[in-house]
Amino acid sequence: MIQAAAARIGFIEQLIASRKANALDVARFASDTFGYPLLDLNAFDESQIQKDAIDRKLITAHRVVPLHRRGNRLSIGIADPTNLRALDEIRFQTGMAVDPVIVEENKLAPLLAKLAESAADSLKSLVAEDDDLEFPEEELQEKAEDPSAGEVDDAPVVRFIQKILLDAIGDGASDIHFEPYEKNYRIRFRTDGVLREVASPPLIIKEKIASRIKVISRLNIAEKRVPQDGRMRLVLSKTRSIDFRVSTLPTMYGEKIVLRILDPSSANLGIEALGYEPEQKRVLLDAIERPYGMVLVTGPTGSGKTVSLYTCINILNKPGINISTAEDPAEIPLPGINQVNVDDRAGLTFPVALKAFLRQDPDIIMVGEIRDLETAEISIKAAQTGHMVLSTLHTNDAPSTITRLMNMGIPTFNIASSILLITAQRLARRLCSCKKPLEVPVEALRNAGFADEDLDGSWTLYGPGACERCKGSGYKGRVGIYQVMPVTEEIQRIIMANGTALDIANQARREGVNDLRTSGLIKVKQGFTSLEEVLGTTNV
């Protein structure tokens, strides 16, 4: 046991390697002792191995082989039946019942090596033919500036990247991370706000992957010392294409590349799909339908602010309305909207774009983000002169947005007279259909924020389950949690009196505005998400 631990291998693997026991004898003993069937791998057809049934990392880490799948049962070839952790992790990851089958260690090792080799060779074997997929030719740049550029058209690399992009779209991922390290290269998807590793291609191809992505993103493939930002498009069919925002970052071991997936369909979900409660939706729609004023959406990066703004813009987008947006960059093209990408290096900043908008006869202006005093002042001036202004800020909740503007130097009378409504938001993971009821002590629910009248037993608390659809995580998709705070006359008085965020929050609560935690607990009662998710994404 000590030698096995020192070598970081299993006890049976060490036992066979030390030649203190015969692999067949050990397998027979394990089969008789644990009552599991014994299988000769030499007699098993390798093409029948269920390679995709289990994450490849589990196959390598626990030295197991998925042999056969029937319904909700999965037969696992394993040499060490005492490795209960392996069986538990496979059950959790697959959501299936696991039937262990004893195999000989000396026959398992070469089979695992073959599987690892086929995984490393995924550039050639992983990607299926699909002639409908293409990157628009106009997005390809000249490659003569880099001697290695000619290599980026290698068909295996092209198809491998195409496969990764399609998998990410299919999984509903929001970001793809290509990350080089000293001894390995990994690719991760951010799905429902959580990063997970999906592939580990050979380190030797990191330059080809980076060059290929930079070529189709119209970036300078000869420049590897400074960050670059670009954009590319994958055409899925004649009627659908997906844009990707590309960001490169020089690291110690090569260029890390992050792709943000910009799916136009997310801007057309409709306000009903975002998760607003009926009263919140009514208040928001009333505010954006006003002829002038400012509506602010706040929250951290990745909280869905852009989708909320685009949804509002789509509601307001009518033939008789002139809408202009300044974004960094414009993430999703919207027909009928004048979208401007700000470019600080070219001098096209948010303030410059806003000043130009005011000379373009606008009805509605959207500012991607209020970052500084000048942008805030011009936005408020536009709201006071007959325009509807929509924008975002990075603050924790709606009341603190007011104090943030005060700290930026905006006079309180301008804030009170121009802002109509502030909505703060978070995204919580939505429970999959495999969710299961949980029993939680009443005191724990009370500490989480539930009122006594909520603890009458009329609703069921659910937690994550595990199934193939959610890949064992228990969550599929996300749901919005919102604090929608209209700036009423009483709140205006507090602002004019230089009140604090706490003063504003207390008044909003008296007026029936739910804070983020309360809105999250409503989603828990409705069964959309788990209490754990709400506690993790909101503050008390």
Side-chain angles (χ1 to χ4, degrees), residues 1-120 196-198 200 434 436 438-439 463-474:
M1 290 292 290
I2 297 176
Q3 291 175 330
R8 295 185 177 182
I9 60 176
F11 171 71
I12 290 182
E13 188 179 359
Q14 173 64 28
L15 186 65
I16 304 301
S18 64
R19 298 184 179 180
K20 293 180 180 180
N22 179 275
L24 180 58
D25 292 338
V26 171
R28 285 173 174 168
F29 175 79
S31 176
D32 293 338
T33 303
F34 290 87
Y36 297 147
L38 177 65
L39 174 69
D40 182 2
L41 284 177
N42 287 342
F44 185 77
D45 184 359
E46 293 181 12
S47 65
Q48 300 301 313
I49 292 177
Q50 306 292 306
K51 298 178 183 179
D52 298 326
I54 304 176
D55 191 294
R56 291 183 183 272
K57 291 180 66 178
L58 289 182
I59 293 176
T60 304
H62 295 304
R63 299 180 65 76
V64 296
V65 175
L67 299 171
H68 179 69
R69 178 177 178 178
R70 175 175 292 175
N72 197 42
R73 307 195 71 86
L74 184 64
S75 297
I76 298 296
I78 188 169
D80 183 3
T82 65
N83 190 355
L84 300 180
R85 179 184 173 189
L87 301 178
D88 287 339
E89 288 191 12
I90 293 171
R91 287 190 191 97
F92 180 80
Q93 191 252 328
T94 62
M96 293 188 285
V98 174
D99 298 323
V101 177
I102 304 299
V103 298
E104 298 159 64
E105 170 60 35
N106 62 341
K107 295 178 181 177
L108 176 63
L111 183 57
L112 291 173
K114 286 183 180 179
L115 291 178
E117 182 178 350
S118 66
R196 63 181 179 87
E197 185 173 338
V198 296
S200 183
C434 64
K436 55 186 181 182
L438 293 181
E439 293 291 336
C467 69
E468 188 172 347
R469 179 173 178 265
C470 62
K471 299 183 179 179
S473 70

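Below, each value reflects all heavy atoms present in this structure, side chains not excepted, and no hydrogens, waters or symmetry copies.
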Inset, instruction - Determine the minimum heavy-atom distance between Leu438 and Gly463, stating which atoms define it. - result: CD1-CA, 3.4 Å
Legend entry - Closest non-hydrogen atom pair between Cys434 and Gly474, with its separation: SG-CA, 4.4 Å
Validation: residues 24-31 side-chain donor-acceptor distances under 3.5 Å, sequence neighbours left out:
residue: Ser31; atom: OG; partner: Tyr36; partner atom: O; Å: 2.5

Legend entry - Minimum heavy-atom distance between Pro66 and Ile49, given as atom pair plus value: O-CG2, 3.4 Å
Inset, instruction - Kindly compute the distance separating NE2 (His68) from CD1 (Ile76), expressed to the nearest 0.5 Å. - result: 12.0 Å
Inset, instruction - With the side chain counted from C-beta on, respond yes when Asp99 and Ser75 share a heavy-atom pair under 4.5 Å apart, and no when they do not. - result: yes
Inset, instruction - Using the side-chain contact (heavy atoms from CB on, under 4.5 Å) rule, take Val103 and Val65 through it: C-alpha gap first, then chi angles, then the decisive distance, then the call. - result: CA-CA 9 Å; Val103 298; Val65 175; over 6 Å; no
Legend entry - Nearest heavy-atom neighbours spanning Glu105 and Ala79: OE1-CB, 3.5 Å
Legend entry - Leu41 and Leu67: CA distance, side-chain angles, deciding distance, side-chain contact (heavy atoms from CB on, under 4.5 Å) verdict: CA-CA 10 Å; Leu41 284 177; Leu67 299 171; 4.2 Å; yes
Inset, instruction - Supply the atom-to-atom distance Leu87 CG to His62 NE2, rounded to the nearest 0.5 angstrom. - result: 9.0 Å
Legend entry - Heavy-atom pair with the smallest gap, counting every atom of Pro37 and Pro100: CD-O, 3.7 Å
Inset, instruction - Can you run down the salt bridge (Lys or Arg N to Asp or Glu O under 4.0 Å) pairs that involve residues 86-98, sequence neighbours left out, and say none if there aren't any? - result: Arg85-Glu89, Asp88-Arg91
Inset, instruction - Indicate the atoms forming the closest heavy-atom contact of Arg63 with Leu108, along with that distance. - result: O-CD2, 3.4 Å
Inset, instruction - Would you indicate whether the side-chain heavy atoms of Phe34 and Ile102 approach each other to under 4.5 Å? - result: no
